2 protein chains.
Amino acid sequence: MKPPVHVAVTGAAGQIAYSLIFRIAAGEMLGKDQPLILHLLDIPEAIDKLAGTVMEVQDCAFPLVREVLPTAEPEAAFAGCRYALLVGARPRGPGMERKDLLEANARIFSAQGKALAAAADPGVKVLVVGNPANTNALIARENAKAKLDPRQFTAMLRLDHNRAIGQLAAKCGAQVSDVEKFVVWGNHSSTQYPDLSHATVKGRPAAGLVEREWYEKTFIPTVQQRGAAIIKARGASSAASAAAAAIDHLHDWALGSDGRWVSMGVASDGGYGIKPGVVFGCPCVCKGGDYQIVRDLPLDAFSRQRLSATDTELREERAAIESLLG
Amino acid sequence: MKPPVHVAVTGAAGQIAYSLIFRIAAGEMLGKDQPLILHLLDIPEAIDKLAGTVMEVQDCAFPLVREVLPTAEPEAAFAGCRYALLVGARPRGPGMERKDLLEANARIFSAQGKALAAAADPGVKVLVVGNPANTNALIARENAKAKLDPRQFTAMLRLDHNRAIGQLAAKCGAQVSDVEKFVVWGNHSSTQYPDLSHATVKGRPAAGLVEREWYEKTFIPTVQQRGAAIIKARGASSAASAAAAAIDHLHDWALGSDGRWVSMGVASDGGYGIKPGVVFGCPCVCKGGDYQIVRDLPLDAFSRQRLSATDTELREERAAIESLLG
C-alpha cells in the first residue's frame with residue numbers, strides 16, 4: 001500500500017463538499033490503492049455541522065481513509081497537502097453588487113493562497129471550484145507565487161465540459177465516451193465558449209453532425225446557462241455534478257487523461273491570443289501528473305470572437321480585484 | 001463491454017438517493033465495466049425535483065450510464081431491473097404513532113413488492129433501505145412471493161455494520177480493514193445487536209482488546225444510537241453514509257465479499273433460534289452473486305438475550321402489519 005496523501009477540501013460543510021468528500025474517500029479521485037488523510041476546512045460558524053460530516057465519513061468505514069481533520073484554520077487545512085480543492089466561496093447575498101462579490105471572494109482566496117504557500121506540499125495541485133472560479137484561482141496563485149508555480153493553480157471548467165459532452169452525445173444519439181477533442185474556453189460563467197469546431201463523435205467531425213443553427217442558438221446557450229436551469233429544476237444549485245467534475249479534473253490531472261482532451265482553467269501564456277494574467281479554460285491533455293495545453297489549433301472568426309469576449313470578462317474581473325493580487 | 005443492466009432506485013428525489021445515484025452511475029456498486037440503465041422512482045409530487053437529478057446525472061457524462069428513466073410508476077421503475085434499491089419510505093409525521101408509520105410504509109412496500117413480481121428481472125436483488133427497513137423488506141417479499149424467492153429481499157444492516165467497525169477500529173487504534181468477523185444482528189433499530197464476540201482486529205480477538213464495560217456501556221449504545229447523533233450534529237439524517245452502506249451491500253452481494261463477513265438483513269430460517277417469518281440481520285459471506293449466512297457460531301447468554309430482544313421487536317412490527325402481508 002502507498003503512503004497516505006493529504007487532501008484538503010474547503011467549504012467542507014457545504015452541499016458540493018457533501019457530494020465530494022465521500023467519493024474522494026472511496027478512492028474515486030486518486031485510485032483505490034491510495035490511502036488518504038482528509039483535511040476539511042470551513043468557517044467557524046460551520047464547524048458544528050462539519051462534525052456531522054466527519055462522523056459520517058467514519059461511519060462509512062472507507063478502507064483508504066487514515067484520518068479526517070476538520071479545522072477552521074487555512075494553514076492547518078493545507079498542511080502537507082498534495083491536493084487542495086477550494087470549494088468554499090462567498091455566495092452573492094441580497095443587495096451585493098458583482099464587484100462586492102468579487103472583493104469578498106478575493107479576501108478569502110488571497111488568504112488561502114498565502115496559507116497554501118506557507119503550509120502545503122511544494123508540489124500541491126490546486127483546483128478552485130468556488131465561484132468566480134477563474135478569478136479566485138488567479139487571486140490564490142498570485143498570493144502564493146513566492147513559493148508555488150502559477151501552473152499549480154487551476155479553475156474548474158470540467159463541469160461545463162461534461163455538461164456540453166452530455167448535450168452533444170444526446171443530440172447525436174451517441175455515448176459520452178464517443179465524444180473527443182471537445183473544449184470549453186475561457187471563464188466558468190455565461191461567457192464561456194463551448195467549442196465544437198475540433199470535436200469528433202465516433203471519430204467523425206461534430207460540426208458535420210449537427211446544424212450550425214443548433215450549435216449557435218441551442219447548444220452554446222444551453223451549456224452556458226445550465227447552472228441556472230439546474231437551480232430552477234432542483235431548487236438548489238448543482239452539487240453532485242459539480243463534485244463529479246471536480247473528481248474528474250483532479251483524477252485526470254493526477255493519473256492522466258489517457259490522451260483525451262479535457263477542459264481546465266489554467267494560467268494563460270499568450271497562446272490563442274490570450275495574454276498572460278488570467279486563468280483561462282483551455283483544452284489540456286494530462287499525463288504523468290502534469291497537464292499540457294493542446295497547442296496550435298486553428299481558430300475561425302467565430303471562435304476568435306468568442307475567446308475574446310470571455311477574455312474581456314476575465315480582464316474586467318481581474319481589474320475589480322487588482323489591489324488584492326498581492 | 002458487458003450489456004447494460006437495469007438498476008432501480010426509489011425515493012430518487014430524496015437526500016439518500018442524491019448521495020447514492022451518482023456513485024452507482026460512476027460504477028462504484030457494480031464495477032467500472034458494467035454499463036447501466038437507471039430507473040428512478042419517486043412520488044408524483046417529487047417528479048419535478050427528480051428532473052433536476054436526471055439533468056445532473058446527464059451533466060456528469062458518466063461513461064457507464066446508457067439511459068436515465070425517471071418515473072412515478074412502480075412497474076415502470078422495476079421493469080427488467082436486476083437490482084432494486086428501495087430507499088423511499090414514509091417518514092414519521094407529526095402525531096403519527098409507530099403503528100401508523102408501519103402501516104403507511106406497509107402500503108408502499110406491498111405495492112412495490114407486487115410491482116417487483118410483475119416487472120423485475122426474475123433474478124432481481126432487492127435491498128430495502130427505507131425504514132423500518134427489515135419489516136418493509138418482509139412486506140415487499142411477501143407481496144412478491146408468487147414470482148420471487150424470499151432470499152432475493154434483503155434489508156440494510158450495513159450502515160450499522162460500518163458504523164460499528166469505525167468505532168471499534170478507532171478504539172483499538174487500528175484501520176477499519178483490520179476488523180473481521182464482526183456482525184450486527186437483528187433489526188435496523190435501537191434493538192440491533194452489534195456483536196464483538198467473534199470479531200478480530202489484526203487477527204486478535206476483539207473481546208480481548210477492549211474492556212467489557214466499554215463494549216456493553218459505550219460501544220453498543222453508540223452504534224445503536226448513531227443515527228440520532230448524526231441528526232443532532234448535521235441537522236439532517238445520515239445520507240452519504242447510508243448511501244455508502246447501500247453501495248457496499250449490493251457491491252458485495254453482486255461481486256463478492258472476498259471471504260469477509262458482512263451484515264445483511266435476510267430471511268430468518270430457524271438458524272440461531274430465529275424462527276422463519278422476519279428479516280433479520282445476520283453475518284453473511286457473499287460469493288458468485290449469492291450470499292450465505294455464516295452458520296454454527298457459538299452464542300453466549302448475553303448474545304442470546306440480545307438476539308431474542310431484537311427478534312421480539314421484529315415480531316411486534318410484523319404483527320402490526322400482518323394484514324398487509326398479502
Side-chain angles (χ1 to χ4, degrees), chain A residues 1 13 15 18-19 21-23 25-28 35 48-66 158-167 169-170 175-179 223 226-227 229-236 238-245 247-248, chain B residues 1 13 15 18-19 21-23 25-28 35 48-66 158-167 169-170 175-179 223 226-227 229-236 238-245 247-248:
Chain A
M1 197 60 113
Q15 284 306 308
Y18 193 69
S19 283
I21 290 164
F22 296 84
R23 294 193 60 203
E28 287 282 280
D48 285 349
K49 190 178 172 209
L50 183 56
T53 300
V54 174
M55 290 166 74
E56 281 204 82
V57 173
Q58 183 181 25
D59 289 352
C60 291
F62 288 120
L64 295 173
V65 176
R66 290 287 172 272
R158 188 64 174 264
L159 178 54
D160 311 292
H161 180 102
N162 286 348
R163 285 167 169 168
I165 283 182
Q167 294 296 317
Q175 302 301 329
V176 291
S177 48
D178 295 330
V179 179
V223 175
R226 187 70 166 179
I230 297 288
I231 290 173
K232 194 167 171 221
R234 290 192 71 219
S238 313
S241 54
I247 299 262
D248 286 348
Chain B
M1 196 60 113
Q15 285 306 306
Y18 193 69
S19 284
I21 290 165
F22 297 84
R23 294 193 61 203
E28 288 282 279
D48 285 349
K49 190 178 173 208
L50 182 56
T53 300
V54 174
M55 290 166 74
E56 282 203 83
V57 174
Q58 183 182 26
D59 288 353
C60 290
F62 288 120
L64 295 173
V65 176
R66 291 286 173 271
R158 187 63 174 265
L159 179 53
D160 312 292
H161 180 101
N162 286 348
R163 285 167 170 168
I165 283 182
Q167 294 296 317
Q175 302 301 329
V176 290
S177 47
D178 296 329
V179 179
V223 176
R226 186 70 166 177
I230 297 287
I231 290 173
K232 195 166 169 221
R234 288 193 70 217
S238 314
S241 54
I247 299 263
D248 287 348

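This is a predicted model, so every value here is computed, not measured. Letters A, B, ... mirror the listed sequences (proteins, then strands); counts begin at 1. Both backbone and side-chain heavy atoms feed into the values below; hydrogens, waters and symmetry mates do not.
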Measure A:Ala239 against the heavy atoms of chain B and call it side chain, backbone, both or neither at under 4.5 Å.
-> both

Pick from A:Lys49, A:Arg23, A:Glu28 with the largest number of heavy-atom pairs that fall under 4.5 Å of chain B | A:Glu28

Out of B:Val176, B:Asp178, B:Val179, which one racks up the most heavy-atom pairs below 4.5 Å with chain A?
-> B:Val176

Measure A:Ala229 against the heavy atoms of chain B and call it side chain, backbone, both or neither at under 4.5 Å.
-> both

Using non-hydrogen atoms only, which part of A:Ala240 is less than 4.5 Å away from chain B: side chain, backbone, both, or neither?
-> both

Gap between atom CZ of B:Phe22 and atom OG of A:Ser241 - 0.5 Å precision | 6.0 Å

Sequence neighbours excluded, which residues qualify as salt bridge (Lys or Arg N to Asp or Glu O under 4.0 Å) partners of A:Asp248?
-> none

Contacting region of A:Ile165 [heavy-atom separation from chain B under 4.5 Å] | side chain

Atom group of A:Val65 that falls short of 4.5 Å from chain B, counting heavy atoms = backbone

Under a 4.5 Å cut-off applied to non-hydrogen side-chain atoms, are A:Gln175 and B:Pro63 in contact?
-> no

Looking at A:Asp59 and B:Asn162, what are the two nearest heavy atoms and their distance?
-> O-CB, 3.0 Å

Based on non-hydrogen pairs under 4.5 Å, which of B:Ala170, B:Gly166, B:Cys60, B:Ser177 is most in contact with chain A?
-> B:Cys60

If one checks every heavy atom of A:Arg226 against chain B at 4.5 Å, the contacting part turns out to be side chain

Contact leader toward chain B among A:Gln167, A:Glu56, A:Arg163, A:Lys232, where contacts are heavy-atom pairs under 4.5 Å | A:Glu56

Please report the shortest heavy-atom distance between B:Gly52 and A:Ala233, naming the atom on each side.
-> CA-CB, 3.6 Å

Would you please test B:Arg234 and A:Met55 for side chain to side chain contact (heavy atoms under 4.5 Å, CB included) and show each step?
-> CA-CA 9 Å; B:Arg234 288 193 70 217; A:Met55 290 166 74; over 6 Å; no

Under 4.5 Å from a heavy atom of chain B, the part of A:Ser238 involved = both

